[in-house]
Number of protein chains: 2
Amino acid sequence: MVTIKDVAKHAGVALSTASYALSGSDKVSPKTRELVLQAAKELNYQKNGFAMDLKRKSTKTILLILSDLSGPYYSELIRGTQEVTLSNGFDLIACSSVGGADSTAYKFLQERRVDGAIVLDPNISEHLLRESAREGCPIVVMDRYVEGDFIMNVAADNVQGGYEATRYLMDQGHRDIAWIGGPSNSLGSQHRKEGYLKALQEEGIANTKWMLVGNFTEEGGYHSTKVLLMQEERPTAIFYGNDEMAIGGYKALREFGLSVPEDVSIVGFDDIQVAEYLSPPLTTVRQPKYEMGTMAAHLVFQAMGGEYVNKSYKLKIELIERLSCQPPRLAPNRGKGMET
Amino acid sequence: MVTIKDVAKHAGVALSTASYALSGSDKVSPKTRELVLQAAKELNYQKNGFAMDLKRKSTKTILLILSDLSGPYYSELIRGTQEVTLSNGFDLIACSSVGGADSTAYKFLQERRVDGAIVLDPNISEHLLRESAREGCPIVVMDRYVEGDFIMNVAADNVQGGYEATRYLMDQGHRDIAWIGGPSNSLGSQHRKEGYLKALQEEGIANTKWMLVGNFTEEGGYHSTKVLLMQEERPTAIFYGNDEMAIGGYKALREFGLSVPEDVSIVGFDDIQVAEYLSPPLTTVRQPKYEMGTMAAHLVFQAMGGEYVNKSYKLKIELIERLSCQPPRLAPNRGKGMET
DNA sequence: ATGAAAGCGCTAACAT
DNA sequence: ATGTTAGCGCTTTCAT
C-alpha cells in the first residue's frame with residue numbers, strides 16, 4: 001500500500017511537506033505542491049481516512065440507523081436528514097440493526113466511528129443508546145422516548161394522529177371501530193392506540209372487543225382482519241396502525257365479500273406511496289417525515305455545538321382524506337347487549 | 001476521552017494486557033480479564049474503531065452507494081446485499097452520492113474507508129471507480145458497464161426486458177408503440193430502448209416518431225405522455241422506461257379522456273410496489289433485484305478472496321402480466337403514409 | 001501470564 | 001518554505 005511516506009520520498013520532500021501539499025495548505029510553494037501532487041498521482045496514492053480521523057479526533061460523519069435500510073417508509077425522512085447533514089459539511093451513512101449485537105449499527109455506535117447518530121429502530125436497546133451517546137456523539141432517537149445525557153427525541157404526535165383518525169370516523173357516525181395495531185415494541189403504535197382509546201372514551205365507548213395486533217406487515221393486517229371478520233359482531237370501521245396492514249385488510253375484506261367503504265370504512269396510518277392508488281384510495285394519517293428528518297439532523301448539530309436544546313419534540317400530524325370512509329350504512333348494530 | 005491506556009492504568013496492568021483482555025484473548029488469566037473488564041466498565045471505556053482499523057489494515061465493511069438512499073426501488077436489492085454481507089461477517093453501510101465530489105460516497109471511496117463497494121449510481125464517475133478499485137477494495141458496479149482491474153459488473157438483462165415487453169405488445173397486435181425512456185445517463189434505460197428497437201425491427205417497423213424521454217419520475221412521465229398525445233397520430237401502446245413514469249402516463253391519459261387499456265395499452269418497467277395496485281394493475285417487467293443484490297455481494301467477497309471471477313454478469317428478467325394491455329381496438333391507423 | 005516497545009498512516013507543533 | 005518529530009489509540013511481537 002502506498003502511503004504518504006512513499007509520496008514524500010518519490011517527490012524528494014519531507015513527510016510533512018507532502019502532507020501539507022496534499023491537504024492544500026499554503027505553507028508550501030506552488031512548485032513543491034505540484035511536485036508532490038505529481039508524485040501522488042504517479043504512485044496512485046490514496047489517503048487513509050482512518051489515520052486522519054485518528055489524529056483529528058472527529059469523523060465528520062453522522063450515522064442513520066434504520067430497522068431494515070429499506071422500505072418505502074423512510075424515503076422522505078432520509079432526504080430530510082441528508083440535506084441538513086450535507087449542508088453542515090458532514091457525511092451521512094446509513095446502516096441497519098440486522099444482525100443484532102453483531103450488527104453494523106452496534107459496531108459503529110460502540111466504536112466511536114461517528115460524531116452523531118439518528119436512530120429510527122426499535123431494535124437498538126436503550127442501554128446501547130445511553131452507553132454510546134456522549135459529548136462528541138449526540139444521538140437523536142425517533143419514534144420513541146429515551147432519556148439520557150446527549151440523547152434527544154423526535155416523534156410524530158401519534159396520540160394526536162390516533163385520536164384524529166378515530167374522531168373522524170366517529171364524526172361520520174361510526175361507533176363500532178376496530179383497531180389493528182403494530183407490534184408491541186413500537187411506541188408509535190402504542191400511542192396511536194392511546195389516541196384511539198381516548199377518542200372512544202370521549203363518546204363513552206368502552207370498546208375492548210375489537211383490538212388486535214398485526215405486525216405492521218400486509219400479511220399481518222390480512223390475518224388480523226380475517227380473525228376480526230370471523231367474529232359474530234362486526235365493526236363498521238377499522239383503523240389500522242399502518243398502511244401496509246390496511247392493504248392486507250382490503251384483501252381480507254374482499255375475500256369476505258365486503259366492500260370498502262360501503263360495508264366497512266378504513267383508515268390507515270403513514271400515507272405511503274401506494275395509499276393513494278389503492279381502490280378505493282386510502283384515507284390515512286400522514287406523518288411529517290421530511291420535517292422529522294430535518295429536525296433530527298438539526299438537533300444533532302445543535303447538540304454538537306453545545307447549544308442548549310430541548311430534549312424532546314413532537315411534530316404535528318395530518319389526516320389525509322380519501323375515499324375509504326363513509327358513514328355506516330345502517331344504524332350501528334347495537335342493542336345486542338352493549339352498554340350505552 | 002478514555003482510552004485503553006486509562007483502562008490499563010485503572011486496572012493496574014500493562015497496556016497490552018488490557019488489550020488482550022478486552023479482545024477476549026486467552027493469553028490473560030480469567031482473573032486479570034475480570035479486572036480489566038471491570039475497569040473498562042467503570043470508566044465507560046469505548047474502543048476507538050479507527051485505531052483498530054489502522055492496525056488491522058482492513059475495515060470489514062462494505063459500502064453500498066445509491067443515488068439517493070431512498071426510493072422503493074432499492075428495497076429488495078439492499079436486502080440481498082445485506083444478507084450476504086452479514087453472513088460473511090462484514091458490515092454494510094449505505095450512502096449516496098448527493099453532494100457530488102464532496103459526497104460521502106467520494107470520501108469513503110477515496111479514503112480507503114471500506115474493503116469493498118457496490119455501486120448503483122450513475123453519478124459516480126468511471127474515473128473515480130477505477131481510481132478506487134484495487135486489491136483490498138473490489139467494486140461491483142450495477143446497471144452499467146465499467147471495465148477495470150478489480151471492477152465487476154452486474155446488471156439485469158435490460159435488452160431482453162425491453163425486447164420482451166415490446167414483443168408482448170406486438171403479439172397482441174400492436175404496431176404503433178411509443179417509447180418513453182429514462183435519462184440518457186442511465187445505461188439501463190438505453191438497453192431497454194435497444195431491446196424495444198430490436199423487437200420493432202424484427203417486424204420491419206422503423207419507428208422513430210414516438211420516442212421521448214422522461215427522467216424516471218412520475219412528473220417526467222406525465223409531461224412526456226402529454227407531449228406524445230398532443231401529436232396528430234397516436235400510438236396504440238406505450239412502453240415506459242420505468243413504472244414511475246407509467247404512473248405519470250396514467251394520469252396524462254386520464255386527462256385526455258383516454259382509458260387504459262381500451263384506448264392505449266401500457267407496459268412499465270421495474271415492478272415497484274404500487275404497480276399492482278394501479279387501476280388497471282400495471283403490466284411491467286420485473287428485475288431480479290434480490291438476486292442482483294446477493295450476486296453483487298458474492299462477487300465482492302470472491303474478488304476479495306482472490307478467486308478468479310468473471311467480470312460481468314447479466315441476470316434474466318421477467319414480464320409480469322397484469323391488466324394494462326389488450327389488443328388494439330381498431331386496425332392500427334396506418335395507411336396514412338407509413339411504409340409497410 | 002504479563003509487560004515493554006514498535007509501529008500502523010497521518011497531522012501539526014516546533015525547529016530550521 | 002521545508003524538515004524533524006511527537007503523538008493519535010490500538011494491536012502484536014518479543015522479552016520476561
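Here is how names work: the chains are called A, B, and so on, in the same order as the sequence lines, proteins then strands, and each is numbered from 1. These figures come from a predicted structure and were not determined experimentally.
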In terms of heavy-atom contacts, A/Ile62 and A/Met304 come closest through CD1-CE, 3.5 Å

From CG of B/Leu15 across to P of D/dC8 the rounded distance in Å is 12 Å

task: Measure distances between side-chain N and O atoms of B/Ser16 and base N and O atoms of C/dA4, and say whether any donor-acceptor pair falls under 3.5 Å.
output: yes

Applied to residues 124-158 of chain A, the ring-ring contact (aromatic ring centres under 6.0 Å, His included) test, sequence neighbours excluded, yields none

Rounded to whole Å, NZ of B/Lys5 lies from P of C/dA5 at a distance of 13 Å

Rounded to whole Å, NZ of B/Lys57 lies from P of D/dT12 at a distance of 13 Å

Rounded to whole Å, the NZ-P distance (A/Lys60 to C/dC10) equals 20 Å

Here the distance between atom P of D/dT2 and atom CG of A/Asp26, to the nearest Å, is 12 Å

B/Arg112 CZ to C/dC8 P, in whole Å, measures 14 Å

Considering only heavy side-chain atoms of B/Thr3, the closest of D/dT5, D/dG9, D/dT11 is D/dG9

Value for NE2 (B/His298) from CD (B/Glu291), rounded to nearest 0.5 Å, stands at 12.0 Å

From CD of B/Gln110 across to P of C/dC10 the rounded distance in Å is 14 Å

Quiz item: Checking only heavy atoms, does the side chain of B/Tyr20 share a donor-acceptor pair with the base of C/dA4 at less than 3.5 Å?
Solution: no

Sorted by number, residues from residues 38-56 of chain A placing a heavy atom under 4.0 Å from DNA chain D are A/Leu54, A/Lys55

Please determine whether a side-chain nitrogen or oxygen atom of B/Ser19 lies at a distance below 4.0 Å from atom OP1 or OP2 of D/dT11.
yes

Aromatic plane relationship, A/Phe50 with B/Phe50 - under 30° parallel, 30 to 60° tilted, over 60° perpendicular: parallel

Sequence neighbours excluded, the answer for ring pair (Phe, Tyr, Trp, His ring centres under 6.0 Å) partners of B/Tyr106 is none

Of all heavy-atom pairs linking A/Ala105 and A/Ile124, the shortest is CB-CD1, 3.8 Å

OP1 or OP2 of D/dT2 sitting under 4.0 Å from any side-chain N/O of A/Thr32? yes

Separation of D/dC8 atom P from A/Glu111 atom CD, nearest Å, is 20 Å

